[in-house]
Amino acid sequence: MSTVSTETETVPTPEPLAAPVLEAAGVVMRFGGLTAVNDVDLTVRQGEIVGLIGPNGAGKTTFFNCLTGLYVPTEGTVKYKGRVLPPKPHLVTQAGIARTFQNIRLFANMTALENVLVGRHTRTKEGLFSAILRGPGYRRAEAEGRERARELLEFCGLGAKADHLARNLPYGEQRKLEIARALASDPGLLLLDEPTAGMNPQETRAAEELVFAIRDLGTAVLVIEHDMKFIFNLCDRTAVLVQGRKIVEGDRETVQNDERVVTAYLGAPLEGTTAAQEDGQ
Ligand SMILES: Nc1ncnc2c1ncn2[C@@H]1O[C@H](COP(=O)(O)OP(=O)(O)OP(=O)(O)O)[C@@H](O)[C@H]1O
């Protein structure tokens, strides 16, 4: 918060908002008679980490699928940096949105490095003929791609695992590899679907640090997670979906103190709430 001095008093003025990266407006997704996502608006701004939580079946993954072109929303629009996104996954990736999946989707029999190289292909300009002829342009692009892929593995803590087959990596490292592969497309927005599922507490802590580092490099992040402690440690804002509708959005206190959220989680206090209050945070 900055301040403006007048003759009589100092008036706080709000910081100008950063530019929106993602603007989803009125998104509806129906499957026959079931409305899985119901009129959801969500904005993610440059430099933000935004959380998306909600009970099982609330519509979180369906909403992600609407953002990434896997589903064409029944109604509503999705814009990335002010432009309406084409509803095709590869065009969404090309535009600048990358994602990971709830169920890990790696090429199990390829090495970690090769998996990241696959994620890089939307940023490779060399075409089919260039690849067949393997001319100097292709070889240069290939060398640059490999260097970038190694940097990303290093960044995600997998520098020593470049030549390991994806299927031989421990579960937590497979999740990190998915993130490295997503980052290979140089996204402006990264969508993470339950990035800590199956991780132990140390791996979860490392995943938090990784998400902060991604944000610090200039990629905004939207993350679905059931681990409330992870969400509230990480996110600037969190939106709560219940039965397809966004019932509340705000900072940690706003979400934790909202009665509708508590009711949606069957009246039980949100996991992580007690610890947060004990911390005095
Ligand atoms: N392709 C589909 N066809 C029909 N119904 C679907 C489809 N995909 C999702 N649904 C339904 O939409 C609703 C929302 O599911 P979704 O997977 O988006 O929830 P979620 O919040 O991600 O849940 P979880 O936390 O368990 O992953 C569910 O009732 C689900 O059965």
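Each ligand, and each atom within it, is numbered from 1 in the order the structure gives.
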*Asks:* For the side chain of T74 and the backbone of R30, is there at least one donor-acceptor N/O pair under 3.5 Å apart?
*Replies:*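 It does hold such a pair.
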*Asks:* Which of the listed options, K60, M29, Q243, holds the heavy atom that is closest to atom 25 (O) of ligand 1?
*Replies:*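 Comparing heavy atoms across K60, M29, Q243, the nearest one to atom 25 (O) of ligand 1 lies in K60.
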*Asks:* Which atoms of ligand 1 are found less than 4.0 Å from any heavy atom of Q102?
*Replies:* 27 (O)
*Asks:* Heavy atoms only: give me the nearest L85-L67 pair and the separation to one decimal.
*Replies:*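 The answer is CD1-O, 3.7 Å.
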*Asks:* Can you name the atoms of ligand 1, numbered from 1 with element, that are less than 4.0 Å from a heavy atom of A36?
*Replies:*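 It comes down to these atoms of ligand 1: 12 (O), 13 (C).
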*Asks:* Quick one: look at F64 and ligand 1, take heavy-atom pairs under 4.0 Å, and tell me if it's side chain, backbone, both or neither.
*Replies:*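 Answer for F64: neither.
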*Asks:* Any nitrogen or oxygen of G54 lying under 3.5 Å from a nitrogen or oxygen in ligand 1? Just yes or no.
*Replies:* no
*Asks:* Within the 4.0 Å heavy-atom shell around T62, which atoms of ligand 1 are there?
*Replies:*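 So the answer, numbered in order with elements, is 9 (C), 14 (C), 15 (O), 16 (P), 18 (O).
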*Asks:* Take atom 31 (O) of ligand 1 and look for protein heavy atoms under 4.0 Å from it; say yes if you find one, no if not.
*Replies:*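 Protein heavy atoms within 4.0 Å of atom 31 (O) of ligand 1 - there are none.
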*Asks:* Which residue and non-hydrogen atom of the protein lie closest to atom 5 (N) of ligand 1, and at what distance in Å?
*Replies:*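 So the nearest neighbour among protein heavy atoms is F31 CD1, 3.4 Å.
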*Asks:* Tell me the protein heavy atom at minimum distance from atom 26 (O) of ligand 1, and give that distance in Å.
*Replies:* N56 OD1, 3.2 Å
*Asks:* Heavy atoms only, cut-off 4.0 Å: how does L34 contact ligand 1, side chain, backbone, both, or neither?
*Replies:* side chain
*Asks:* Do side-chain atoms of T196 reach the backbone of M199 as a donor and acceptor pair under 3.5 angstrom?
*Replies:* no
*Asks:* For the residue pair T100 and R105, establish whether any side-chain heavy-atom pair is separated by less than 4.5 Å.
*Replies:* no
*Asks:* Which of the atoms of ligand 1 are close to H226, meaning less than 4.0 Å from one of its heavy atoms?
*Replies:* 25 (O)
*Asks:* Is the closest basic N to carboxylate O distance between R148 and D186 below 4.0 Å?
*Replies:* yes
*Asks:* Could you identify the single nearest non-hydrogen protein atom to atom 17 (O) of ligand 1 and state the distance to 0.1 Å?
*Replies:* T61 CB, 4.0 Å
*Asks:* Quick check on Y71 - does any of its heavy atoms sit under 4.0 Å from an atom of ligand 1?
*Replies:* yes
*Asks:* When you measure from the side chain of R120 to the backbone N and O of A184, does any donor-acceptor pair fall under 3.5 Å?
*Replies:* yes
*Asks:* Looking only at protein heavy atoms, which one is nearest to atom 23 (O) of ligand 1, and what is the separation?
*Replies:* G57 N, 2.8 Å
*Asks:* Is K60 reaching over with its side chain to a backbone N or O of V240, donor-acceptor style, under 3.5 angstrom?
*Replies:* no
*Asks:* So does H226 get a backbone contact from the side chain of E194, meaning a donor-acceptor N/O pair under 3.5 Å?
*Replies:* no
*Asks:* Looking only at non-hydrogen atoms, find the nearest pair between G96 and Y80 and report the distance.
*Replies:* O-OH, 3.4 Å
*Asks:* Tell me the protein heavy atom at minimum distance from atom 19 (O) of ligand 1, and give that distance in Å.
*Replies:*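 Here the nearest protein heavy atom works out to G59 N, 3.2 Å.
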*Asks:* Flag A58 as yes when one of its N or O atoms lies below 3.5 Å from any N or O atom of ligand 1, and as no otherwise.
*Replies:*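 Yes, there is a polar N/O contact under 3.5 Å.
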*Asks:* Would you say Q174's side chain and L169's backbone share a donor-acceptor pair under 3.5 angstrom?
*Replies:* yes
